[in-house]
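Below is one structure, written out as structure tokens, with a few remarks after it.
Just the heavy atoms: all of them, side chains too, but no hydrogens, waters or symmetry mates, feed the values below. As the structure is a computational prediction, the values presented were derived from the model and not from experiment.
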2 protein chains.
Amino acid sequence: MPRQADHDRRRRQIAEAVWRLAVGGGLEEVTLRQVAAEAQVSARLLQYYFGTRTDLLLGALKILNDDAEHRARERLALLGETPGMHAIVRGVLLELLPVDEERRTRHLVYAAYFVRFLTDPDLAGVARDAPRALEDLVAGLITQGQDTGQVPRRVDAAAEAAFLVAGAEGLQSSVLLGQRTADEAVAMIDHQLARVFTPTPA
Amino acid sequence: MPRQADHDRRRRQIAEAVWRLAVGGGLEEVTLRQVAAEAQVSARLLQYYFGTRTDLLLGALKILNDDAEHRARERLALLGETPGMHAIVRGVLLELLPVDEERRTRHLVYAAYFVRFLTDPDLAGVARDAPRALEDLVAGLITQGQDTGQVPRRVDAAAEAAFLVAGAEGLQSSVLLGQRTADEAVAMIDHQLARVFTPTPA
DNA sequence: GCTGTTATGGTTCGATCGAACCATAACAGG
DNA sequence: CCTGTTATGGTTCGATCGAACCATAACAGC
């Protein structure tokens with residue numbers, strides 16, 4: 001049945017198999033044969049759609065990354081018309097937590113790739129910018145919060161933003177490792193946000 | 001030259017080779033042959049000292065873990081006779097940051113094992129308790145700080161301790177990924193500690 | 001000074017890996 | 001309807017993997 005193949009769909013189907021295997025046992029388990037079996041296609045198709053194994057690893061990560069951005073925007077849009085800084089910051093930080101199966105898988109896949117990011121420039125290029133961008137975004141929102149009196153002037157917006165993001169990432173690890181539930185992590189984020197977003201007198 | 005072999009030394013020599021390879025390319029690179037070459041011993045010796053590859057991975061992690069605890073205690077002892085809560089908490093949190101080559105390697109090795117912790121009970125057993133123990137330790141120190149007037153009564157010791165640990169772990173990731181320097185991360189920890197450890201009036 | 005255990009090197013085997021190669025049905029465009 | 005590209009399955013090859021096996025020097029204890 002050629003010529004009517006949906007390339008994007010096929011690539012996604014294969015990429016998802018890569019994710020599942022990576023989550024289950026690290027990149028070591030992501031072998032061409034295993035991916036083929038998991039995606040229920042022939043090994044030949046992996047070569048056709050992605051090329052070499054290195055390309056497959058890179059391609060599957062790219063799709064994961066594009067997904068992350070796309071879904072995050074969707075969810076943030078769901079916050080309503082004029083969400084308020086507090087709610088937006090909360091939404092951004094929740095993207096970093098494994099609060100549902102989608103985000104759990106995503107962060108676990110990133111974890112499986114982690115050490116590779118340090119040595120493989122191609123992989124690093126895909127996932128490099130996100131964390132810094134998040135910090136800047138949060139910092140901007142906190143600054144806006146200061147201008148509208150929701151955040152005290154005395155807080156250092158950049159420092160607080162960076163530590164909130166770092167805290168969310170640390171909580172992510174602890175949830176993935178089963179040391180606390182996602183709900184507990186969310187509650188801890190809210191606790192910190194309540195500290196930062198304090199209606200200031202004057 | 002038998003009978004005068006120092007088993008602990010040999011095992012450490014091999015474990016360090018495992019760490020280097022894991023840091024360089026993940027557990028995928030930790031093959032018996034590569035470890036043998038890196039440690040400059042024959043593959044046969046790996047079997048002799050560790051057994052199967054699974055055992056090797058587990059054994060190398062155990063040694064890493066024991067090292068972590070031992071070295072942390074050493075460094076905390078170096079703080080002096082009566083360090084004060086603030087200094088101890090700072091020391092504990094700095095153990096989580098890649099501030100030197102030793103700790104950088106350690107945390108990268110943990111990162112390489114990460115996804116395995118979720119599915120392999122043996123591996124999980126080795127590294128499971130540490131984070132919770134750290135949180136409790138920090139929480140206790142903050143509570144003591146409250147009793148001695150170094151920390152305001154209004155802070156939630158447990159919540160703040162957990163978030164400090166989470167923040168340190170998030171900063172760890174960002175330093176490993178080269179998004180900021182270890183010094184910057186330390187400065188951010190100090191910024192947060194200054195907020196918590198505020199001499200309280202009355 | 002034998003003897004048995006300890007520490008080590010080397011080799012081999014079946015399995016699996018990534019990648020290249022071979023084949024061919026199904027459709028598109030002329 | 002014919003033809004060439006597209007999408008796919010299957011097979012094969014050399015390399016490498018983990019693990020078992022074979023060998024043996026060096027020392028310890030008697």
Report task. Return no unless some side-chain N or O of A/Tyr48 is found under 4.0 Å from OP1 or OP2 of D/dT8. Result -> no
Query - Phosphate contact (C/dG18 OP1 or OP2) by A/Thr31 side-chain N/O below 4.0 Å - result: yes
Report summary line: dist A/Arg12:CZ -> A/Asp6:CG (nearest 0.5 Å) comes out at 10.5 Å
Query raised in the report: Between A/Arg195 and A/Glu160, is the closest basic N to carboxylate O distance under 4.0 Å?
Result: yes
Report summary line: When rounded to whole Å, the CG to C1' distance for the pair B/Leu27 and D/dC17 reads 15 Å
Query raised in the report: Out of C/dA7, D/dG18, D/dA7, which nucleotide sits closest to the side chain of B/His7?
Result: C/dA7
Query raised in the report: Can B/Arg90 and B/Glu95 be counted as an ion pair, charged N to O under 4.0 angstrom?
Result: no
Report summary line: Answer for the Watson-Crick or wobble partner of C/dC22, both distances under 3.5 Å, is D/dG9
Query raised in the report: Taking OP1 and OP2 of C/dA19, is either one under 4.0 Å from a side-chain nitrogen or oxygen of A/Thr52?
Result: yes
Query raised in the report: Backbone N or O of B/Val155 within a donor-acceptor pair of the B/Gln146 side chain at under 3.5 Å?
Result: yes
Query raised in the report: Is the Lys NZ or Arg CZ of B/Arg11 less than 6.0 Å from the centre of B/Phe50's six-membered ring, within 45° of the axis?
Result: yes
Requested in this report: Figure out the CG/P separation between A/Leu57 and C/dG18, and round it to whole Å.
Outcome: 10 Å
Query raised in the report: Any sub-3.5 Å donor-acceptor pair from B/Tyr113's side-chain atoms to B/Leu57's backbone N or O?
Result: yes
Query raised in the report: Near DNA chain D, which residues from residues 32-47 of chain B have a heavy atom under 4.0 Å away?
Result: B/Leu32, B/Arg33, B/Arg44, B/Gln47
Report task. Specify the separation, in whole Å, of atom CG of B/Leu56 and atom P of D/dG18. Result -> 9 Å
Requested in this report: Calculate the interatomic distance between B/Phe50 atom CZ and D/dA19 atom C1'; express it in whole Å.
Outcome: 17 Å
Query raised in the report: According to a strict under-4.0 Å criterion, is A/Tyr49 in side-chain N/O contact with OP1 or OP2 of D/dA7?
Result: no
